[in-house]
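Here the structure comes first, spelled out in structure tokens, and everything after it is commentary.
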Amino acid sequence: MSHDSLPPLPENRIVLAVGTVGVDFLATVASYPDPDDKIRTTSLKVQGGGNAGNALTCAARLGLSSRLISKVANDPQGRGILEELQADGVDTSSVVVSEEGNSPFTYIIVDNETKTRTCIHTPGYPPMIPSDLSQTSLSSALDGARMLYLDGRIHETALLVAQEAARKNVPILVEGERIREGLDDLLKLADYAICSAKFPQAWTEAASIPSALVSILVRLPKIKFVIVTLGEDGCLMLERSVDEAPQSEEMDVDILLELLKQRKDDNVAIPTCVSSPVTKLRANGVGTVCGRLFVGTAEKVPPSELQDTTGAGDSFIGAVLYAICSNMPPEKMLPFAAQVAATCCRAVGARTGLPHRTDVRLASFLS
């Protein structure tokens with residue numbers, strides 16, 4: 001795909017993120033070891049990681065101007081983290097560098113047999129606190145921002161930035177990876193939420209994922225849409241409708257999901273999306289919400305091409321940030337994000353396979 005044929009980048013494309021960065025030590029093994037085993041790696045890769053760092057790298061490669069608020073130590077890992085982000089065009093001028101302590105790092109065991117990854121994380125020390133961020137630094141980081149993304153970590157600093165962003169009417173996307181301290185306060189300010197497969201039910205205690213999505217929209221009236229990523233099963237998205245549904249019966253959200261699933265074409269390898277019309281959706285014991293339900297499929301990556309799922313969720317978020325900044329409709333956004341995530345899974349590490357906007361696999365979405 002030539003640069004000439006690419007559409008112009010969104011005009012206001014500055015994305016700010018608050019969250020973690022780190023170093024990933026990715027040890028690939030033939031199969032996961034038993035306790036007390038001694039095994040050898042088939043390959044070792046060292047690269048930058050952390051949800052916010054990965055998602056911003058993805059967004060930067062797609063053409064957004066990415067800025068980061070985070071904290072590292074002045075150690076070899078910390079210097080490497082910043083150099084790698086800067087090489088991908090991420091603005092690190094608001095990253096706090098501590099003279100002592102350690103930068104965050106994660107040991108990742110990539111199991112070639114099951115294509116899974118196990119993470120053992122060591123947090124950075126000292127942790128980031130709100131007083132690390134000066135008012136000047138906060139103002140300049142938010143200056144001209146089109147979006148704010150919070151990965152749910154360093155929650156006190158994230159809340160400070162989110163409150164300022166809300167005052168300036170900067171839309172906020174919050175990641176719900178798992179239940180964390182302070183996450184509820186961030187979700188209350190969120191315009192968009194993207195969750196891992198287990199989060200919606202864990203957070204709402206609803207009987208099913210679709211009911212949990214209704215519950216999230218009922219509990220958080222500011223949220224425009226919530227997406228739950230389901231790995232190889234694709235994703236679900238519930239978008240709140242501003243207009244009331246036409247005078248129609250209420251529809252049980254679980255029944256609606258089953259009807260949408262019947263419309264999916266499982267023979268198509270590329271990511272696709274089916275959606276309901278605007279409907280009054282009911283979840284038993286939860287309430288009703290007016291909106292549209294979307295079912296997005298994942299790309300069917302041939303087993304021979306699937307390398308590592310590390311960072312797949314982060315790349316999906318990076319693609320959604322791009323899609324929001326580009327005013328991409330959900331019908332296009334979900335397959336686009338799935339395509340970016342599938343491309344990421346074709347290489348070892350969270351960032352190795354992240355596509356640039358000139359990647360031919362993205363041509364149909366960016367034209």
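Just so you know, these numbers use all the heavy atoms, side chains as well, and skip hydrogens, waters and symmetry mates. This structure is a prediction, so every number in the text was calculated from the model and none was measured.
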Mind checking whether [X] and [Y] have side chains closer than 4.5 Å, heavy atoms only?
X: P330; Y: R292; answer: yes
X: V21; Y: T92; answer: no
X: L173; Y: V320; answer: yes
X: I216; Y: L238; answer: no
X: V161; Y: I69; answer: yes
X: P271; Y: L334; answer: no
X: E331; Y: P329; answer: yes
X: P277; Y: T279; answer: yes

Hey, any chance [X] and [Y] share a hydrophobic cluster, counting ILVMFWY side chains that come within less than 4.5 Å of each other, even indirectly?
X: V226; Y: V289; value: yes
X: V228; Y: V218; value: yes
X: F336; Y: V295; value: no
X: F225; Y: M147; value: yes
X: V214; Y: I223; value: yes

Salt bridge (charged side-chain N to carboxylate O under 4.0 Å, His left out) pairs, two or more places apart, involving [range]:
range: residues 20-37; answer: none
range: residues 102-114; answer: none
range: residues 124-148; answer: K71-D132
range: residues 210-238; answer: D191-K222, D191-K224

Just verifying a value: how many Å separate [X] [atom1] and [Y] [atom2], rounded to the nearest 0.5 Å?
X: F294; Y: I227; atom1: CZ; atom2: CD1; result: 9.5 Å
X: F199; Y: L183; atom1: CZ; atom2: CG; result: 5.0 Å
X: S140; Y: D91; atom1: OG; atom2: CG; result: 8.5 Å
X: S208; Y: D252; atom1: OG; atom2: CG; result: 8.0 Å
X: L44; Y: T28; atom1: CG; atom2: OG1; result: 8.0 Å
X: L62; Y: S315; atom1: CG; atom2: OG; result: 9.5 Å

So does [Y] get a backbone contact from the side chain of [X], meaning a donor-acceptor N/O pair under 3.5 Å?
X: S137; Y: L133; value: no
X: T229; Y: C195; value: yes
X: R263; Y: S275; value: yes
X: K332; Y: F365; value: yes
X: S196; Y: E177; value: yes
X: T297; Y: T272; value: yes
X: K168; Y: L142; value: no
X: D184; Y: I179; value: no
X: R67; Y: A141; value: yes
X: Q201; Y: A207; value: yes

Kindly indicate, with the supporting measurements, whether the criterion side-chain contact (heavy atoms from CB on, under 4.5 Å) is fulfilled by Y32 and T116.
CA-CA 9 Å; Y32 195 82; T116 55; over 6 Å; no
Minimum heavy-atom separation for [X] to [Y], with atom names?
X: C290; Y: V278; answer: SG-CG1, 3.7 Å
X: A52; Y: L68; answer: CB-CD1, 4.0 Å
X: A165; Y: L148; answer: CB-CD2, 3.6 Å
X: R61; Y: D88; answer: NE-OD1, 2.9 Å
X: L260; Y: S276; answer: CD2-N, 3.7 Å
X: A30; Y: T42; answer: N-CG2, 4.1 Å

D254 and S211: CA distance, side-chain angles, deciding distance, side chain to side chain donor-acceptor pair (under 3.5 Å) verdict
CA-CA 7 Å; D254 290 290; S211 299; 3.1 Å; yes
Does CD belonging to Q86 count more than 12 external heavy atoms closer than 6.0 Å?
yes
Just one of T288, L256, V286, L257 clears the side chain to side chain contact (heavy atoms under 4.5 Å, CB included) bar with L281, so which one?
L256
Looking at H155, Q163, E156, which hits side chain to side chain contact (heavy atoms under 4.5 Å, CB included) with L159?
Q163
Please check if any side-chain donor atom of N51 sits under 3.5 Å from a side-chain acceptor atom of D151, or the reverse.
no
Run the ring-ring contact (aromatic ring centres under 6.0 Å, His included) test against Y107 and tell me which residues pass, sequence neighbours left out.
F25, F105
Show, in sequence, the C-alpha distance, side-chain angles and deciding distance for L321 and I317, and conclude whether the side-chain contact (heavy atoms from CB on, under 4.5 Å) test is met.
CA-CA 6 Å; L321 289 169; I317 288 173; 4.3 Å; yes
Which residues satisfy the side chain to side chain contact (heavy atoms under 4.5 Å, CB included) test with S103, sequence neighbours excluded?
V72, A73, D75, Q77, I81
Pair E175 + R180, salt bridge at N-O below 4.0 Å
no
Check ion pair R351-E84 (N to O, under 4.0 angstrom):
yes
